[in-house]
Structure formats: structure tokens, C-alpha cells
Amino acid sequence: MKKYIYITFVALFTTLASIAQVDRSKQPIPGPAPTVKLTTPQTFELDNGMKVMVVVNKKLPRVRVELMIDNPMLAFENKKGVENLFASVIGNGTKNISKEAFNEEIDFLGASVYFGSEGAYASTLSKYFPRVIELMADAIANPLFTEEEFQLQKDRYLESLKNNKKDVSTIAQRVSRSLLYGKQHPKGEFVTEETAANVSLADVQNYYQSYFSPENAYLVVLGDVKFKDVKKLVNEHFSNWFRRSVSRISYSTPQNSPFTQINFVDMPNAVQSEIIFENVINLKMSDPDYHAALIANHILGGGGTQTKLNKSLRETHGWTYGSYSGTGADKNVTRFLATASVRNEVTDSAVTEMVKIIYDMRNNKVSTQDLANAKAKYVGDFVRALEKLETVADYALNIETQNLPNDFYETYLKKINAVTVDDVQRVAQKYYLTDNARIIVVGKGADVIEGLKKVTNPEGKHIPTFYFDIYGNKTKEPVAKIEMDPSVTIETVFDNYIKAIGGKENVDKVKTVHIKASGIVQGMPLNLESKVTNTNKSSEQITMNGMVLQKTVFNGSTGYSSAQGQKTVLDDKQVEALKKGAYPFPELKNSSATLKGIENVDGKHAYVVADGENSKTYYDVESGLKVKTAITQKTNGMDVVSTTLYSDYKEVNGVKFPHKITILIGPQEINFNVSETIINEGVTDADFE
């Protein structure tokens, strides 16, 4: 034992002595870049033009198949959305097998098969590979397009587009691309409910005939296979996928803004602002700048939490949960962008800081430590990615479609390690255009406009703000603050609401309210049933196909919520909220509410009534009716707003009730149509147990 202890201490002191001799003021000399040796695919080409690459890997009894159609850029104008609808209907059966039989067999084999507008993917055990590739090829060469399936998918798609109209992130991406590339450019055009509604089944069939062609197709097969078997199967099943020439259309080259500007979109429902700093770039993977641009982006905002953007906006200031950047590289025009989602009240500060950080990347050299860290992380990520079978497929496709040399990935890490601090500054100056950028901000105008109008760059030059709607059309500056008549009080707002729905005499007669409503979400029927009493009791239940999705019950003092079979007792905050709101007309009972001002709700002015920090109710200035409620809750550390819209008021027993209720949670929108509003009937104490 003593000998063991002695040896241990000798080893410890030897280690400490060696550490003491290290000069920590000098950057360690990096070791040689790891040698990368990729498996060269075996290839062949079908008569129809489809190119096939096979990579044999016997480690696991699995096979992965990836089809990619490398078409030129295409714009669809007033039929934009046809490619999305095509993707939703292809693979739903073939001319030889029904949708149900196709899906059942895929499930039985334990395989995965997916189809898109520019290709397909399959994964299977190797013993089932022959049948899976046969099914995949059948769906591609002999697609079954029926009016019934098309209409089903179209209805779902239109519903999702409608939901996205109020999603701040979706609007930010749409407007940023349309302003940067132009609405007529393939990368700038976007889908609307109108363009998607224009698409017919004939348009989907025409898309298949015109653009889903083997002429530009690459099929990659990886895994536990034999080359000769793959060649036989592919020739057998894909040869009847007939070749069609795909037209190539030229589009004007997008131009950057002549000066840096803020492009603001007002979203009154936004609790956070989406910020996108962007400019057009032309960077190809084959360009000499490519590897330096990757490292520069890693240091700025593309390399995880320890980037310049994250260290400042997230760690130092606490304005966001993450700020990121991307430097696109492609044979087509692309963009540099930096993004962040921040609280409304710090939007102008976040924009200023983001510009400052990007400006600094252009005008000052990064530290050798930042460069070394970025290289180390990039090399580590690259080596780990090589362990994934799909990485080999992606790299093989890149070499073919991006016109790269065959040794591109074998020399990849060597070129990464060769990047210098001068290279980083050079590409930052070339691709991060602080004098010609668009800064897209989508947020609540009432909270952020005044601050944005004062934003300057690090040299003190004012950055002007221009205003756009959710479709990227130029518009007037939103009215940030609407003046309110000083005679209006919380009492007059509530009194006008009671008068608008039927008057206090009729309202006082209402002891219980029982509402039944129905809606559709993602094509599935939902039912809502709500019961409330003037003795401060309530219950609400949402069901789908008879199954209870969510239920909340409050008996006046306690209650519970259940979802997916899990029952949770209401906490103190929830109980307190229900004590105030669990009445047919809470306006008659609420003494703690305060009047906050006037805001826009769907283009109309509405009084804003707050009850605590997290609950707001909106009453239309003109009609007096309640039109909206918004409740903010913390979920996983983030503010999530649940919004309910009320419309289509109809009279029941002398009192008007909304017969359309729209619930918004993030990008999800659920529309409920009220089928029955029952007054003073069908509600008992048992409903609140």
C-alpha cells in the first residue's frame, strides 16, 4: 500500500512539474489535421438519366436510400404552393397499390419512406431492401393522384397557412426573403392562401410531368448491400420512370440595399420581436473563400453558445435565448444573415448591439484564441459527422451537384486549419455588408417603433426605418400610441360592454351558460364544451373523436386540470385567475382591472383592460363588445401567449354571445363555431366535481 501511495505522489508531482513549465501566454501549436478518407461511391447511370451512387457499409444490417432531384431554381408565381401540395400527395399509393395497402406494408416491414417535391428517402433493414426500393420506385414512377386525396391535403395546407398569418417567426422569414431577393425571384416568392387556393389537381400533375424528372436525379444507396444487387434492382424498378427535359429559366440577380435600413412589420400580437440582419451574397462551395467564411461564421454566430452574438445578446445582456448567424454557400445566389428573438422592450438595443458585433468583425481582427476555438469545434463536429452514414451520402451529392473536386472532403480539414485571422477579417468585409444590409424587425409597433427610430450604427450614423405589411408591401408608419378620450374609465368600458350584449337587466337573469362548439385542427375534428355559473364555478373540456384531450374544472375554491390521462391540481395562480374569471360575465365582478389604453385588434381600435401583469382583455371601441383576451405564461423559461378572439355575436334569450371563438397558441390557430348556447339549463353541481 505504501509503495502504491509513493508511486501515486511521484506521478502527481511529475505532472505538476510538467504543467508548471508550460508557457500559457503562447497559443499551443495545433496538431496535424486528421486524415479524412471517404469511401468512393460506385456509380452507374440509367438510360433515363438518373445517376446512381452506391456506398457499401456492412457495419449494420440497414440500408438508406436517398433520391435528390437537382432542378434549377423555379418560380411559380400565382400558383406558388403547387410544389408543397405535390409533396403532400405523392407517395399516397400508386397506380398499382392503394394508399392504405402501401402504408400498411411499409409499416409491416418496419421501414420509413418519405416523399418531397425534390426527392424521396427510405430507410429499412437490409433483408427488406428489395421490396422497399420496389415500393419507393413504384410511387415515383407511377404516382396515384386522386381528386379526393388532393382536396384533403389542400384543405389541410390552407388551414396551416391561415394559422401562420399570426406567427411572428413565419412572417419574419417571409418578409425578409421577399425584400432581399424580390417577390418575383424563386427565393423571394412565398405562398399565400390565395396562391395555394389557385392550385388544382391538374397543376400538381403538371408539376410531376414538368419537374419531377430523372434527368436531374441522383439516387444514393448506402449500407448493407451488394453493388451488383443494387444495380439490378434499380434498373428493374426505375427504368420505367420516363425522362423529361426540365426547362431552365433565368431570373434577375438580386441586389443589395443601397444603404442599411430597418424594415419593420407591425404585429400587435407579438410578445417578442424577430430580428434578421441580412444581405445578398454569392458564395459557392468551390470558392477559395469558402472555408474562411465557415470559420468566420462559426466565430460570429454559427458555432454554438460561445459565439460573439450569443456571448453578448444572451450571456452579457440576457435579451434572448439564442442569437445565430448563417453564411449560405450554393451555386445559386444566397444570403448572409444574423438572427435573434428578443423581448419587445429591448428590441432597439438588440438591433444596435447586433450591428455593432458584425461591424466589429469587419473592422477588427478576431483573437487567435477565438480562431483556435472555432477551428477545434469545427474539426470535432466534422469528424463526428463522418460517423453518420447519411453524411457520406450528403458529401457524395455535394461533390456531384456543387461541381466540387473529388478530393474536396479529403482536403477539407487541411483548408480549415489553414484559415488565418486575416482571412476571417477579409471574408467578413466581403460578405457582412454593414453598409448595405436590411434589418428586418417583426414585432409590436406600440412597444418598439419609437426606439427603432433612434438606432444608429457604431459610427453614429442614423439607420432609417421603413414600414411593411405581413406580405412585404410598403405601408405607412403604424400608429404607435392611440390617444384615448380622458372621460373613458374602466367603469365606462365595462358598462358599455354590458349594454352592448343586452343590458344589465337581461344579463342579471343569466345564472348558468352551457356552450357547445366544434372545430378542426390539422384535419381532425375537435369539440369544445364549456359550463360556467354566476356562483363562480366553471368547467371546460376539449375532445377529439370522443377522447378527452384537455379538461379544466373549478368549483369556486379549488380545481384540477387533466390532459392525456394526467391529472394536475390547479396552483394558487390558476385558482386566483379562475376566481376572477369563472363567471358568465366577469365584468360585473372584476374590481381589480385597470384600463391601459387603446390598441389595434385586426385593424380596429380596442380598449385594453389589464388584470394583473399577465392577463389582458380587449373591448371594441365602436361596438363595446369583447373581441380578444391574451394570457401570458412562462413555459420552459419563455413567454407564451394564449390568445382568444371572439366574433359573430348572436342573441340568445336577450343576451348576445360570441358564436365564433378562435384560439391562438403560437402559430397554431383553432377556430370553434358555437352550435349551442344554452342559458339556465343543463348545468349542475356535479359538473364541477
Side-chain angles (χ1 to χ4, degrees), residues 166-176 179-180 257 260-279 300-301 307-325 337-359 434 437-458 460-470 472 475-482 596-597 599-600 608 613-614 616 630 632 634 637-641 643 666-667:
K166 294 181 175 67
D167 181 47
V168 178
S169 179
T170 299
I171 298 302
Q173 285 299 326
R174 172 200 292 170
V175 173
S176 69
L179 294 180
L180 188 70
S257 170
T260 292
Q261 56 184 274
I262 295 171
N263 298 156
F264 180 76
V265 179
D266 186 27
M267 293 284 287
N269 64 307
V271 294
Q272 289 187 317
S273 294
E274 292 285 332
I275 304 171
I276 301 176
F277 179 108
E278 63 179 357
N279 56 259
L300 175 62
T307 62
K308 287 183 176 292
L309 287 171
N310 258 319
K311 282 181 180 178
S312 178
L313 273 70
R314 173 178 170 164
E315 295 183 10
T316 301
H317 297 290
W319 292 336
T320 180
Y321 290 99
S323 180
Y324 308 97
S325 66
L337 78 165
T339 66
S341 299
V342 303
R343 304 191 311 275
N344 285 337
E345 59 268 27
V346 299
T347 300
D348 56 324
S349 300
V351 170
T352 300
E353 185 66 13
M354 183 180 285
V355 173
K356 177 184 174 184
I357 293 167
I358 298 170
Y359 188 92
T434 50
R438 288 185 182 274
I439 305 171
I440 310 300
V441 180
V442 181
K444 186 175 181 180
D447 293 347
V448 307
I449 286 179
E450 291 307 312
L452 287 177
K453 289 195 290 189
K454 300 173 184 176
V455 170
T456 62
N457 71 9
K461 184 178 180 180
H462 177 249
I463 300 177
T465 300
F466 301 96
Y467 305 94
F468 297 84
D469 65 18
I470 63 173
T475 187
K476 295 179 180 179
E477 177 182 339
V479 178
K481 187 175 182 180
I482 304 168
K596 291 296 185 181
E599 292 183 14
N600 278 316
V608 185
E613 294 182 357
N614 300 321
K616 292 181 180 179
T632 304
K634 287 284 186 184
M638 296 184 68
D639 288 336
V640 177
V641 179
T643 302

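- Side-chain contact between T456 and K461 is absent, with no heavy-atom pair separated by less than 4.5 Å.
- E477 has its side chain out of reach of F264: every pair of non-hydrogen atoms, C-beta onward, lies at least 4.5 Å apart.
- With H462 contributing its side chain and K453 its backbone, the two residues share a donor-acceptor pair below 3.5 Å.
- The shortest distance between side-chain heavy atoms of L300 and I357 falls below 4.5 Å.
- Closest approach of N344 and A270 over heavy atoms only: ND2-O, 3.0 Å.
- In terms of heavy atoms, I463 sits closest to I439 at CD1-CD1, 4.4 Å.
- The heavy-atom pair separating V608 from K616 by the smallest distance is CG1-CD, 3.9 Å.
- The backbone N or O of D348 lies less than 3.5 Å from a partner atom in the side chain of T352, making a donor-acceptor pair.
- The side-chain heavy atoms of I275 and F277, taken from C-beta on, include no pair separated by under 4.5 Å.
- E274 and S341 share a side-chain donor-acceptor pair at under 3.5 Å.
- No hydrogens or angles considered: nothing links the side chains of S323 and N310 as a donor-acceptor pair under 3.5 Å.
- Nearest heavy atom pair, residue I470 against residue V175, reads O-CG2, 3.6 Å.
- A distance-only check finds no donor-acceptor pair linking the side chain of D266 to the backbone of K444 [under 3.5 Å].
- Inter-residue side-chain proximity for Q261 and T465 is flagged as unmet; no heavy-atom pair is nearer than 4.5 Å.
- Residue L309 comes nearest to S325 through the heavy atom pair CD1-CB, 4.0 Å, listed as atom of the first residue, atom of the second, then distance.
- Atom-to-atom distance recorded for W319:CH2 and E345:CD is 11.5 Å, nearest 0.5 angstrom.
- Within the 4.5 Å cutoff, side-chain heavy atoms of L179 are placed close to those of I440.
- Annotation: side chain of L313 is in contact with side chain of E353 (closest heavy-atom distance under 4.5 Å).
- Contact detail for S176 and E278: the closest heavy-atom pair is O-OE2, 2.7 Å.
- The distance from the OG1 atom of T260 to the CZ atom of R438 is 10.5 Å, given to the nearest 0.5 Å.
- Looking at T320, its side chain never comes within 3.5 Å of a backbone N or O of V342 through a donor-acceptor pair.
- Looking only at side-chain heavy atoms (C-beta outward), V441 and N263 stay at 4.5 Å or farther from each other.
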